[in-house]
Number of protein chains: 2
Amino acid sequence: MNIKEVAKLAGFSKSTVSRVLNDSPLVTKSTRKKVLDVIESVGFFPNYVARSLKIKETKTIGVIVPDIGNPFYFEVLRGIEKVLDKKGFNIMLCNSEYNEKKELRYISLLASKKVDGIIVAPSSEKSNGIKNLFTWNIPFVIFDIPQKKLKTNSILVDHSQCSYMATKYLIENGHKNIVVIDAFRPPGFKSKFILGYLKALNEYNIPINPEFIREALPDIVGGYSTIKKLITQKLYFTGVITICDLAAVGVYKAANKFNFKIPNDISVVGNDDIPLAKYLNPPLTTIHQPKYLLGYKSAKLLLSQIQNKKHNDIKVMKLDVKLIKRCSVKRRLENAD
Amino acid sequence: MNIKEVAKLAGFSKSTVSRVLNDSPLVTKSTRKKVLDVIESVGFFPNYVARSLKIKETKTIGVIVPDIGNPFYFEVLRGIEKVLDKKGFNIMLCNSEYNEKKELRYISLLASKKVDGIIVAPSSEKSNGIKNLFTWNIPFVIFDIPQKKLKTNSILVDHSQCSYMATKYLIENGHKNIVVIDAFRPPGFKSKFILGYLKALNEYNIPINPEFIREALPDIVGGYSTIKKLITQKLYFTGVITICDLAAVGVYKAANKFNFKIPNDISVVGNDDIPLAKYLNPPLTTIHQPKYLLGYKSAKLLLSQIQNKKHNDIKVMKLDVKLIKRCSVKRRLENAD
DNA sequence: ATGAAAGCGCTAACAC
DNA sequence: GTGTTAGCGCTTTCAT
């Protein structure tokens, strides 16, 4: 069943049917009714892929995240869905798994499928996929991971601010031997998360121990295996900050496994404040990130870019974070070490 | 840039270009190379919406879930993505919010966008959207929520088995006043989850208290407000089973708010075993559901339906669940009540 | 207000 | 092995 058959049944031409489908004002009430009646009776619905081919607009947005299993991205997704649904857009969801190849493949696919725009949390700070988006002239906005030497529409959070606040809080609670678990970064890249950590250490004149600076996958396994290594290496530390709450959960798991108590033996502060963070055992002290808003703003920005067709004025927005004190950090006596 | 321009540049016809794009064996190595060279040099990529229009296949699957914020669905989604990505399909993700209207709207939209198939966790046991999928002859599979009086491809878990096991475990630990927090069900519908609960109660000759049978949104707020109501009504109960772990977290929250201790004052067993369940405070005793597998099998089944084009042989598969004993249930003395 | 016709970018008979 | 052509289902000028 297509527009042509409907036209025949209604006794009008394709054009007229198309017009009523698109709420054109140039159709009489009576003919509109007749057409609508046959549409109703035969259960016709238009073929949007044909429509998209013609009008060059698919009303779908690609969303690429690095880990579909991380609650952080779910929250962002909720914000994205909220605004996109209201405007009649669909989401094509892609999971890059922090794999640049896969990310690139998805970007090409989305380009071929002619999505109207893309929202992406890049797999790293130097993503070739992102560069392609530029050259292909596809509207897009980035969130969470800014791109090195590339000015793009982005909704961000200051990761150095996160780690700075986390580290400072630990220091002020008497910790000196603080481990930082960062995400994997591109070779030679100065991680903002590490920078904030270093800044706090410097401010308090605490010596830097390179052994304490670690990279891992930002998930439970990553946090777990990092701490496991540290413990088996017999490194002494009392505090840990992590790139995300999931990694902090990994720290919990490792602590449990090796009979360290949190926060008594190991204090930890996470980053992002996933919905379940406050229900963990113990409730996780963490840096709250406005996840829903991150998604909401990203979608809004993308939509405005698509409508205005002005790719020239690029917008970068930084959202505020804040420290949420719960129970995973213990105050230590001064000079305990 | 399109196939025609590429053809001109390469000195061949559209068909030849199309053939190399589709790896047809009917092109000489040399012409293939020439064509590939210009494709490379001009950075051409094919328009899949035109392709889809022609071949009537979009290589995209619609996935509809009722709550994009519930980790249960994330895990399922991971399983779906795994198989779909391998076969070159994209996912169009839709969030019905347990709203039948919204679900129906999404289903129509997906139909118009000509997705090759749909995987859906229905918003309820009587979903009109699902009926449409039948009449529109779109390949689909259902998971989690079976449809009343409708035989469809489905990958399920026996919800009565879940509640039966949970209730029985509570009873065997000395509990008699057990609250069940179910999801909202259609008017007049006999919930399997309630049935399993009742069955366990009957087996142990425990009287049924209708006040203990509750419906709520399957999330933290739902669990929280249900328990809050119960407590302010001064109802006496020592055990709770919930339709999902998120609702159990809501129970935790309410208990905390009103100074009840878990498991000492209130014992709770959840359902589905989300990844963070074991890290909650206290670790949640729950019924484990094979979430990843649910998604994996659903996607596999859908793909096989799409390929075979046999809509006649409908497959229903039930996956096993199991009780995971953690720390949210306390053993009570016999005859304590 | 309605219809005829061209065309979006691709694929697939069919012809050579 | 390659080209010609028709057509997928729609929108949109341009006539009338």
Side-chain angles (χ1 to χ4, degrees), chain A residues 1-39 42-60 88 108-116 136 138, chain B residues 1-39 42-60 88 108-116 136 138:
Chain A
M1 178 63 55
N2 58 31
I3 223 179
K4 195 174 164 188
E5 297 187 51
V6 171
K8 202 189 302 175
L9 290 175
F12 291 93
S13 72
K14 291 195 315 177
S15 334
T16 303
V17 176
S18 173
R19 287 191 187 99
V20 340
L21 248 22
N22 291 291
D23 290 317
S24 161
L26 332 138
V27 279
T28 355
K29 250 193 163 154
S30 79
T31 77
R32 156 166 286 124
K33 178 164 171 24
K34 282 178 201 159
V35 171
L36 251 21
D37 281 351
V38 325
I39 285 178
V42 300
F44 165 80
F45 51 90
N47 182 329
Y48 278 17
V49 358
R51 177 168 211 272
S52 291
L53 175 60
K54 182 65 191 176
I55 70 175
K56 298 175 182 329
E57 170 186 305
T58 53
K59 282 282 184 182
T60 111
S108 304
L109 205 52
L110 292 173
S112 272
K113 291 201 173 176
K114 298 291 168 187
V115 296
D116 296 336
W136 294 339
I138 298 172
Chain B
M1 177 62 55
N2 60 30
I3 223 179
K4 195 173 163 188
E5 298 186 50
V6 172
K8 202 188 302 176
L9 290 175
F12 290 94
S13 72
K14 290 196 315 177
S15 338
T16 301
V17 176
S18 174
R19 286 192 187 100
V20 340
L21 248 22
N22 291 290
D23 289 318
S24 161
L26 330 139
V27 280
T28 353
K29 252 193 160 154
S30 79
T31 78
R32 155 165 288 124
K33 179 162 171 30
K34 282 178 199 158
V35 171
L36 251 22
D37 281 351
V38 326
I39 286 179
V42 300
F44 165 79
F45 51 91
N47 182 329
Y48 278 16
V49 357
R51 178 169 210 269
S52 290
L53 175 60
K54 181 65 190 177
I55 69 175
K56 298 175 184 327
E57 171 186 305
T58 53
K59 282 282 184 183
T60 111
S108 304
L109 204 53
L110 292 174
S112 272
K113 291 201 174 177
K114 299 291 168 187
V115 295
D116 296 335
W136 294 340
I138 298 172

Chemist: Reckon Asn2(B) has a side-chain N or O less than 4.0 Å from the OP1 or OP2 of dG9(C)?
Modeler: yes
Chemist: Between C1' on dT11(C) and CG on Asn47(B), what's the gap in Å once rounded to a whole number?
Modeler: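 That distance rounds to 13 Å.
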Chemist: Name the closest nucleotide to the Ser15(B) side chain, picking from dC10(C), dT5(D), dT2(C).
Modeler: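 Nucleotide nearest to Ser15(B)'s side chain: dT5(D).
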Chemist: CD of Glu57(B) versus C1' of dA12(C): gap in Å, rounded?
Modeler: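 Distance check: Glu57(B) CD to dA12(C) C1' gives 15 Å.
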Chemist: Using a 4.0 Å heavy-atom cut-off, does Ser52(A) contact any base of the nucleic acid, only the sugar-phosphate backbone, or nothing at all?
Modeler: nothing
Chemist: Quick one: on DNA chain D, does Asn22(A) or Leu26(B) contact a more 5' nucleotide (nearest heavy atom)?
Modeler: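 Per heavy-atom nearest nucleotide, the more 5' residue is Leu26(B).
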Chemist: Please give me the minimum heavy-atom distance between Arg32(B) and Arg19(B), naming the atom from each residue.
Modeler: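 The answer is NH2-O, 4.4 Å.
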Chemist: With a 3.5 Å cut-off and just heavy-atom distances, do the side chain of Ser18(B) and the base of dA12(C) make a donor-acceptor pair?
Modeler: no
Chemist: Please state how far atom NZ in Lys54(A) lies from atom C1' in dT11(D), giving the value in whole angstrom units.
Modeler: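 Answer to the nearest Å: 5 Å.
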Chemist: At under 4.0 Å, does any side-chain N or O of Thr31(A) touch on OP1 or OP2 of dT2(C)?
Modeler: yes
Chemist: May I ask you to verify whether the side chain of Arg19(A) and the base of dG3(C) hold a donor-acceptor pair under 3.5 Å?
Modeler: yes
Chemist: Rounding to a whole Å, what distance do you find between Lys8(A):NZ and dG9(D):P?
Modeler: 13 Å
Chemist: Take the protein atom CZ of Phe12(B) and the nucleotide atom P of dC10(C), then report the distance between them rounded to whole Å.
Modeler: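 Phe12(B) atom CZ is separated from dC10(C) atom P by 18 Å.
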Chemist: Using heavy-atom distances to pick each residue's nearest nucleotide on DNA chain D, tell me which of Met1(A) and Pro25(B) is more 5'.
Modeler: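 On the 5' side of the pair lies Pro25(B).
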Chemist: Select base, sugar-phosphate, or nothing to describe what Lys14(A) touches, counting heavy atoms under 4.0 Å on all strands.
Modeler: base
Chemist: Base, sugar-phosphate, or nothing for Ile55(B), non-hydrogen atoms under 4.0 angstrom?
Modeler: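 Contact class for Ile55(B): sugar-phosphate only.
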Chemist: Quick one: label Tyr48(B) by what it contacts on the DNA or RNA (base, sugar-phosphate, nothing), any heavy atom closer than 4.0 Å.
Modeler: nothing
Chemist: Tell me the interatomic distance from Leu53(A), atom CG, to dC8(C), atom P, rounded to whole angstroms.
Modeler: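 Interatomic distance, CG of Leu53(A) to P of dC8(C): 9 Å.
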Chemist: Would you find a donor on one side and an acceptor on the other, under 3.5 Å apart, between the side chain of Asp116(A) and the backbone of Lys59(A)?
Modeler: yes
Chemist: Where the side chain of Ile3(A) is defined as all heavy atoms beyond and including C-beta, which of dT2(C), dT11(D), dC10(C) is the nearest nucleotide?
Modeler: dT11(D)
Chemist: About how many Å separate CD1 of Ile3(B) and CZ of Phe44(B), when rounded to the nearest 0.5 Å?
Modeler: 5.5 Å
Chemist: Rounded to the nearest 0.5 Å, what's the gap from CZ on Phe45(B) to NZ on Lys114(A)? Could you check?
Modeler: 5.0 Å
Chemist: Would you give the length of the straight line joining atom NZ of Lys8(B) to atom CG of Asn2(B), rounded to the nearest 0.5 angstrom?
Modeler: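 If I round to the nearest 0.5 Å, the distance is 9.0 Å.
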Chemist: Do side-chain atoms of Ser112(A) reach the backbone of Pro46(B) as a donor and acceptor pair under 3.5 angstrom?
Modeler: yes
Chemist: Could you tell me how far apart Arg51(B) (CZ) and dA12(C) (C1') are, to the nearest whole angstrom?
Modeler: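 These atoms are roughly 12 Å apart.
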Chemist: Tell me the interatomic distance from Lys4(B), atom NZ, to dT4(D), atom P, rounded to whole angstroms.
Modeler: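 Result: 12 Å.
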Chemist: Can you figure out which of dT2(D), dG9(C), dG3(C) approaches the side chain of Thr16(A) most closely?
Modeler: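 Selected nucleotide: dG3(C).
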